[in-house]
Amino acid sequence: LYYIGGEVFAECLSETSIFVQSPNCNQQYGWHPATVCKIPPGCNLKIFNNQEFATLLGQSVNHGFEAVYDLARMCTIRMSFVKGWGEEYRRKTVTSTPCWIELHLNGPLQWLDKVLQQMGSPALKCSSNS
(Lines give C-alpha, C1' and ligand atoms only; values in the text may rest on other atoms or scores of the structure.)
Protein backbone atom coordinates (compact mmCIF):
# COMPACT_ATOMS: atom_id res chain seq x y z
CA LEU A 1 0.00 0.00 0.00
CA TYR A 2 1.15 3.51 -0.68
CA TYR A 3 -0.26 7.03 -0.41
CA ILE A 4 0.45 9.75 -2.94
CA GLY A 5 -1.29 13.13 -3.17
CA GLY A 6 -4.50 12.12 -1.43
CA GLU A 7 -4.77 8.75 -3.14
CA VAL A 8 -4.23 5.26 -1.70
CA PHE A 9 -2.92 2.54 -4.00
CA ALA A 10 -2.57 -1.21 -3.55
CA GLU A 11 0.27 -2.78 -5.49
CA CYS A 12 0.90 -6.50 -5.78
CA LEU A 13 4.61 -7.13 -5.21
CA SER A 14 4.01 -10.83 -4.63
CA GLU A 15 4.20 -13.72 -7.08
CA THR A 16 0.48 -14.35 -6.48
CA SER A 17 -2.50 -12.03 -6.85
CA ILE A 18 -4.08 -9.98 -4.11
CA PHE A 19 -7.81 -9.21 -3.92
CA VAL A 20 -9.30 -5.90 -2.79
CA GLN A 21 -12.80 -4.72 -1.93
CA SER A 22 -12.89 -0.93 -1.83
CA PRO A 23 -16.29 0.80 -1.85
CA ASN A 24 -14.60 4.10 -2.85
CA CYS A 25 -12.88 2.46 -5.82
CA ASN A 26 -16.05 0.60 -6.79
CA GLN A 27 -18.11 3.79 -6.78
CA GLN A 28 -15.48 5.60 -8.85
CA TYR A 29 -15.78 2.97 -11.59
CA GLY A 30 -19.55 2.48 -11.29
CA TRP A 31 -19.21 -1.08 -10.01
CA HIS A 32 -21.38 -2.81 -7.42
CA PRO A 33 -20.24 -1.75 -3.91
CA ALA A 34 -19.32 -5.36 -2.99
CA THR A 35 -17.13 -5.93 -6.06
CA VAL A 36 -13.78 -7.58 -5.31
CA CYS A 37 -10.91 -6.66 -7.65
CA LYS A 38 -8.09 -9.04 -8.45
CA ILE A 39 -4.70 -7.30 -8.62
CA PRO A 40 -2.22 -9.54 -10.47
CA PRO A 41 1.52 -9.56 -9.69
CA GLY A 42 3.24 -6.35 -10.77
CA CYS A 43 -0.02 -4.38 -11.04
CA ASN A 44 -1.61 -1.69 -8.87
CA LEU A 45 -5.04 -0.16 -8.28
CA LYS A 46 -6.14 3.14 -6.77
CA ILE A 47 -8.31 2.03 -3.85
CA PHE A 48 -9.16 5.39 -2.25
CA ASN A 49 -9.27 9.00 -3.40
CA ASN A 50 -9.62 11.78 -0.81
CA GLN A 51 -10.97 14.28 -3.37
CA GLU A 52 -13.75 11.94 -4.47
CA PHE A 53 -14.55 11.22 -0.84
CA ALA A 54 -14.71 14.98 -0.13
CA THR A 55 -17.19 15.41 -2.98
CA LEU A 56 -19.37 12.58 -1.66
CA LEU A 57 -19.18 14.04 1.84
CA GLY A 58 -20.26 17.47 0.60
CA GLN A 59 -23.21 15.96 -1.27
CA SER A 60 -24.22 13.76 1.68
CA VAL A 61 -24.41 16.66 4.13
CA ASN A 62 -27.45 17.93 2.19
CA HIS A 63 -29.20 14.58 2.74
CA GLY A 64 -28.83 14.51 6.52
CA PHE A 65 -26.98 12.81 9.34
CA GLU A 66 -27.68 9.22 8.25
CA ALA A 67 -26.39 9.85 4.72
CA VAL A 68 -23.13 11.22 6.12
CA TYR A 69 -22.85 8.39 8.65
CA ASP A 70 -23.27 5.83 5.83
CA LEU A 71 -20.02 7.09 4.29
CA ALA A 72 -18.08 5.33 7.06
CA ARG A 73 -18.33 2.14 4.99
CA MET A 74 -16.31 3.90 2.27
CA CYS A 75 -13.41 4.13 4.74
CA THR A 76 -13.08 0.36 5.18
CA ILE A 77 -11.10 -1.68 2.67
CA ARG A 78 -10.78 -5.46 2.73
CA MET A 79 -7.86 -7.28 1.20
CA SER A 80 -7.00 -10.97 0.88
CA PHE A 81 -3.83 -12.67 -0.22
CA VAL A 82 -3.68 -15.52 -2.79
CA LYS A 83 -7.41 -16.40 -2.62
CA GLY A 84 -10.33 -14.27 -3.78
CA TRP A 85 -13.91 -14.09 -2.51
CA GLY A 86 -17.29 -12.83 -3.62
CA GLU A 87 -19.93 -13.70 -6.19
CA GLU A 88 -17.50 -15.25 -8.67
CA TYR A 89 -15.69 -17.40 -6.10
CA ARG A 90 -16.40 -20.43 -3.96
CA ARG A 91 -15.59 -18.30 -0.91
CA LYS A 92 -18.43 -15.81 -0.49
CA THR A 93 -16.92 -13.72 2.35
CA VAL A 94 -13.46 -12.36 3.05
CA THR A 95 -13.43 -14.27 6.34
CA SER A 96 -13.56 -17.50 4.31
CA THR A 97 -10.14 -16.79 2.82
CA PRO A 98 -7.00 -18.13 4.54
CA CYS A 99 -5.31 -14.73 4.94
CA TRP A 100 -6.99 -11.32 4.92
CA ILE A 101 -6.85 -7.86 6.46
CA GLU A 102 -9.32 -5.04 6.93
CA LEU A 103 -8.04 -1.49 6.63
CA HIS A 104 -9.72 1.45 8.37
CA LEU A 105 -8.68 4.80 6.92
CA ASN A 106 -8.33 6.97 10.02
CA GLY A 107 -8.00 10.31 8.23
CA PRO A 108 -11.33 10.10 6.37
CA LEU A 109 -13.03 8.56 9.44
CA GLN A 110 -11.86 11.50 11.59
CA TRP A 111 -13.11 13.89 8.91
CA LEU A 112 -16.53 12.17 9.02
CA ASP A 113 -16.56 12.37 12.80
CA LYS A 114 -15.95 16.14 12.74
CA VAL A 115 -18.72 16.70 10.20
CA LEU A 116 -21.16 14.51 12.15
CA GLN A 117 -20.37 16.37 15.39
CA GLN A 118 -21.07 19.69 13.65
CA MET A 119 -24.38 18.34 12.29
CA GLY A 120 -25.65 17.42 15.75
CA SER A 121 -27.91 14.50 16.62
CA PRO A 122 -29.59 12.38 13.96
CA ALA A 123 -33.26 13.00 13.17
CA LEU A 124 -34.21 9.44 14.14
CA LYS A 125 -33.56 8.53 17.73
CA CYS A 126 -32.05 5.10 18.35
CA SER A 127 -33.76 2.78 20.80
CA SER A 128 -33.90 -0.90 21.62
CA ASN A 129 -36.96 -1.09 19.34
CA SER A 130 -35.31 0.44 16.26
ring-ring contact (aromatic ring centres under 6.0 Å, His included) pairs, two or more places apart, involving residues 76-99: Phe19-Tyr89
Residue pairs fulfilling ring-ring contact (aromatic ring centres under 6.0 Å, His included) with at least one residue in residues 22-41, sequence neighbours excluded: Tyr29-Trp31
Is Val82 reachable from Trp100 through a run of I, L, V, M, F, W or Y residues, each pair having side-chain heavy atoms under 4.5 Å apart? no
Could you state the interatomic distance from [atom1] ([X]) to [atom2] ([Y]), rounded to the nearest 0.5 Å?
X      : Y     : atom1 : atom2 : value
Cys43  : Leu13 : SG    : CG    : 11.0 Å
Leu116 : Tyr69 : CG    : OH    : 8.5 Å
Ile39  : Cys12 : CD1   : SG    : 7.5 Å
Leu56  : Asp70 : CG    : CG    : 12.0 Å
Thr93  : Gln21 : OG1   : CD    : 10.0 Å
Leu45  : Ser22 : CG    : OG    : 7.5 Å

Could you check whether any side-chain heavy atom of [X] comes within less than 4.5 Å of a side-chain heavy atom of [Y], counting everything from C-beta outward?
X     : Y      : result
Glu52 : Asn24  : yes
Pro33 : Arg73  : yes
Thr76 : Leu103 : no
Val20 : Val36  : no

Donor-acceptor pair, distance only, cut-off 3.5 Å: does the side chain of [X] make one with the backbone of [Y]?
X      : Y     : result
Thr55  : Gln51 : yes
Ser96  : Arg91 : no
Glu102 : Arg78 : no

Among Gln28, Glu7, Gln27, which residue satisfies the side-chain hydrogen bond (donor to acceptor under 3.5 Å, both in side chains) criterion with Asn49? Glu7
Which residues, ordered by chain and number, are linked to Phe9 in its hydrophobic cluster, where ILVMFWY side chains connect at heavy-atom gaps below 4.5 Å, directly or through other members? Tyr2, Ile4
Return the minimal non-hydrogen interatomic distance between [X] and [Y], and the atom names on each side.
X     : Y     : value
Phe53 : Leu71 : CE1-O, 3.9 Å
Ser17 : Pro40 : OG-CA, 3.5 Å
Gln59 : His63 : O-CD2, 3.1 Å

Non-neighbouring partners of Lys38 that pass salt bridge (charged side-chain N to carboxylate O under 4.0 Å, His left out), sequence neighbours left out: none
Taking only residues two or more places apart in sequence or in another chain, which ones pass salt bridge (charged side-chain N to carboxylate O under 4.0 Å, His left out) with Glu11? none
Output, in order, the C-alpha distance, side-chain angles, deciding distance and verdict of side chain to side chain contact (heavy atoms under 4.5 Å, CB included) for Leu1 and Met79. CA-CA 11 Å; Leu1 297 171; Met79 181 180 292; 3.7 Å; yes
Extract all donor-acceptor atom pairs below 3.5 Å that involve side chains of residues 106-114 and protein atoms in other chains or at least two apart in sequence.
from: Asp113; atom 1: OD2; to: Gln117; atom 2: NE2; distance (Å): 2.8

